[in-house]
*Asks:* 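Dropping a structure here in structure tokens format, bear with me for questions.
Residue numbering restarts at 1 for every chain, and letters A, B, ... go by the order of the sequence lines. Reckoned from all heavy atoms, side chains included, excluding hydrogens, waters and symmetry mates.
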2 protein chains.
Amino acid sequence: MKTINLTTQRQAVYDVVRQSEDHPTAAEVMNRLVERGHSFAYGTVYNSLRYLADKELIRELKLGETASRYDARTDDHQHIVCEVCGRVDEVMTPVPEEWMTRVAEETEYEVHEAHVVLEGVCAECRSKRKR
Amino acid sequence: MKTINLTTQRQAVYDVVRQSEDHPTAAEVMNRLVERGHSFAYGTVYNSLRYLADKELIRELKLGETASRYDARTDDHQHIVCEVCGRVDEVMTPVPEEWMTRVAEETEYEVHEAHVVLEGVCAECRSKRKR
DNA sequence: AATAGATTTATACTTATTCTAAATTGAAAT
DNA sequence: ATTTCAATTTAGAATAAGTATAAATCTATT
């Protein structure tokens, strides 16, 4: 019984997120909407992002920056941020189940999810650095 | 050559963080300072927290909430947040090196750090729920 | 006591996001 | 076709966390 009501605004926001190669912030989504000729209220973009994340069509990422980012990939995965250029890439290698089990034992929590943000230097910045 | 200049304010902020069982936000640190009879400017508390984190006397935690939290434990560890009551606990079981290596291979990043925030239900909330 | 550098203070500002009340839209019922 | 009602959008105000700024205060050294 999961009805999804994609209004014009929500569809347009969804399209922007899906068609972005990076992981745009709300402000970036807004800019890209304007580039496409839309002019929605700021609040609507936030509402739409929240709605889409709620329906699990997109994911909200909190990577430790001030602004949330959005990702159209909703399958289980993590993220890595380049310390030099700030780019964000997907990490598909799954967090080991065994580690989660150990953490459950250690903490006595029922563990549901792990959000991992890795930090490092991307291939591009690494080769630039070498000279 | 790492000189550390602990002014009255910085020392007091450091004391609050060290003597907190939980992981207080800046606002909570401020409240606890007031309870102890201090009345520092808001900016000073933020500056002190930044200074102490800089000198690695404390750590700033970004757990996906709106406000940062602060932790007097500076050794390598992760955190787990209870979805029910919001409490934050330490996770000392280290993230498997092997997983980090695999991620480095997958992403072609030079991986420096992993910040993990786990979510689940703490022992206390679990037992309350059962009854 | 005089100077300089660092720090603190009070306050203004910024950024990201949420809230609010009125206006608009759209589907269902008449 | 018109009314109706709920959901949505809009514009703008409000909030929350944190940073910036300029003046005042401390502190160590000459």
Side-chain angles (χ1 to χ4, degrees), chain A residues 1-17 20 22-34 36-55 57-71 81 86 88 117, chain B residues 1-17 20 22-34 36-55 57-71 81 86 88 117:
Chain A
M1 199 96 341
K2 178 161 94 178
T3 38
I4 294 182
N5 177 10
L6 286 190
T7 61
T8 311
Q9 290 74 350
R10 288 170 184 170
Q11 182 68 57
V13 169
Y14 187 29
D15 289 345
V16 165
V17 176
S20 292
D22 54 355
H23 300 78
T25 62
E28 284 163 351
V29 169
M30 181 51 121
N31 291 340
R32 291 171 201 187
L33 285 165
V34 170
R36 291 172 182 213
H38 296 291
S39 61
F40 304 145
Y42 234 79
T44 301
V45 174
Y46 277 103
N47 280 342
S48 299
L49 289 167
R50 184 139 37 89
Y51 180 90
L52 295 166
D54 230 62
K55 301 296 181 193
L57 294 173
I58 66 174
R59 270 179 55 188
E60 181 182 5
L61 308 180
K62 302 198 167 173
L63 304 178
E65 301 159 300
T66 52
S68 286
R69 297 187 168 274
Y70 295 88
D71 190 345
V81 182
V88 177
V117 181
Chain B
M1 198 96 343
K2 178 161 95 177
T3 38
I4 293 183
N5 177 9
L6 285 190
T7 61
T8 311
Q9 293 69 353
R10 288 171 183 168
Q11 183 67 58
V13 169
Y14 187 29
D15 288 346
V16 164
V17 175
S20 291
D22 53 355
H23 300 78
T25 62
E28 285 163 350
V29 170
M30 181 51 118
N31 291 341
R32 291 172 202 186
L33 285 166
V34 171
R36 291 173 181 212
H38 296 292
S39 63
F40 304 145
Y42 237 81
T44 301
V45 174
Y46 277 105
N47 280 342
S48 299
L49 289 168
R50 184 140 36 90
Y51 180 89
L52 294 167
D54 231 61
K55 301 296 181 193
L57 295 174
I58 64 173
R59 270 179 56 188
E60 180 183 5
L61 309 180
K62 301 196 167 175
L63 305 179
E65 300 160 299
T66 51
S68 285
R69 297 186 168 275
Y70 295 88
D71 191 344
V81 182
V88 177
V117 181

*Asks:* Strictly below 4.0 Å: does B:Q9 bring a side-chain N or O up to OP1 or OP2 of D:dC26?
*Replies:* no
*Asks:* CZ/B:R36 to CG/B:N31 distance, rounded to the nearest 0.5 angstrom?
*Replies:* 12.5 Å
*Asks:* Keeping the roles fixed (side chain from B:T25, backbone from B:E28), state whether a donor-acceptor pair exists under 3.5 Å.
*Replies:* yes
*Asks:* What's the NZ-C1' distance between B:K62 and C:dA16, to the nearest Å?
*Replies:* 13 Å
*Asks:* With a non-hydrogen cut-off below 4.0 angstrom, is B:Y42 in contact with a base, only sugar-phosphate, or nothing?
*Replies:* nothing
*Asks:* Within the 4.0 Å heavy-atom criterion, would you say B:T7 contacts the bases, only the backbone, or no part of the nucleic acid?
*Replies:* sugar-phosphate
*Asks:* In whole angstrom, what separates B:K55's NZ from C:dT7's C1'?
*Replies:* 14 Å
*Asks:* I need the CG-P distance between B:L49 and C:dT7, as an integer number of Å.
*Replies:* 15 Å
*Asks:* Would you compute the distance between atom NZ of B:K55 and atom OG1 of B:T3 and round it to the nearest 0.5 angstrom?
*Replies:* 5.5 Å
*Asks:* Run the salt bridge (charged side-chain N to carboxylate O under 4.0 Å, His left out) check on A:D22 and A:R32 step by step: do they pass?
*Replies:* CA-CA 12 Å; A:D22 54 355; A:R32 291 171 201 187; 2.8 Å; yes
*Asks:* Scan nucleotides 23-28 of chain C nucleotide by nucleotide, 5' to 3', and note B when protein non-hydrogen atoms come under 4.0 Å of the base, S if they reach only the sugar-phosphate, - if neither.
*Replies:* ------
*Asks:* To the nearest 0.5 Å, how far apart are CG in A:D54 and CZ in A:R50?
*Replies:* 8.0 Å
*Asks:* B:R10 side chain: which of C:dT8, C:dT9, D:dA17 is closest?
*Replies:* C:dT8
*Asks:* Is a donor on one side and an acceptor on the other found under 3.5 Å between the side chain of B:T44 and the backbone of B:F40?
*Replies:* no
*Asks:* In whole angstrom, give the distance that lies between atom CZ of A:R50 and atom P of C:dA16.
*Replies:* 17 Å
*Asks:* Nearest to the side chain of A:Y46 - D:dG18, C:dT7, C:dT18?
*Replies:* C:dT18
*Asks:* From CE of A:M30 over to C1' of D:dT9, roughly how many Å is that when rounded to an integer?
*Replies:* 12 Å
*Asks:* Can you confirm whether the side chains of B:S68 and B:E60 place a donor and an acceptor under 3.5 Å from each other?
*Replies:* yes
*Asks:* From CD of A:E65 over to P of D:dG18, roughly how many Å is that when rounded to an integer?
*Replies:* 15 Å
*Asks:* Taking the side chain of A:N5 as heavy atoms from C-beta outward, which of C:dA16, D:dT8, C:dT18 is closest to it?
*Replies:* D:dT8
*Asks:* Measure from the side chain of A:N47, starting at C-beta and using heavy atoms only, and say which of C:dT8, D:dA17, D:dT9 lies closest.
*Replies:* D:dT9
*Asks:* Checking contacts here: which listed nucleotide (C:dT17, C:dA10, C:dT18) is nearest the side-chain heavy atoms of B:A41?
*Replies:* C:dA10
*Asks:* Any base atoms under 4.0 Å from A:T66, or only sugar-phosphate, or nothing? Heavy atoms, all strands.
*Replies:* sugar-phosphate
*Asks:* Please confirm whether the shortest side-chain N or O distance from B:S68 to OP1 or OP2 of D:dA17 is below 4.0 Å.
*Replies:* no
*Asks:* Nearest-Å distance, CD1 (B:I4) to P (C:dA6)?
*Replies:* 17 Å
*Asks:* Between A:R69 and B:G43, who's closer to the 5' end of DNA chain C by nearest nucleotide?
*Replies:* B:G43
*Asks:* Taking the six-membered ring of A:Y51, is NZ or CZ of A:R10 closer than 6.0 Å to its centre and within 45° of its axis?
*Replies:* yes
*Asks:* With heavy atoms under 4.0 Å as the rule, sort A:T25 into base, sugar-phosphate or nothing.
*Replies:* nothing
*Asks:* What is the distance, to the nearest angstrom, from the NE2 atom on B:H38 to the P atom on C:dT8?
*Replies:* 13 Å
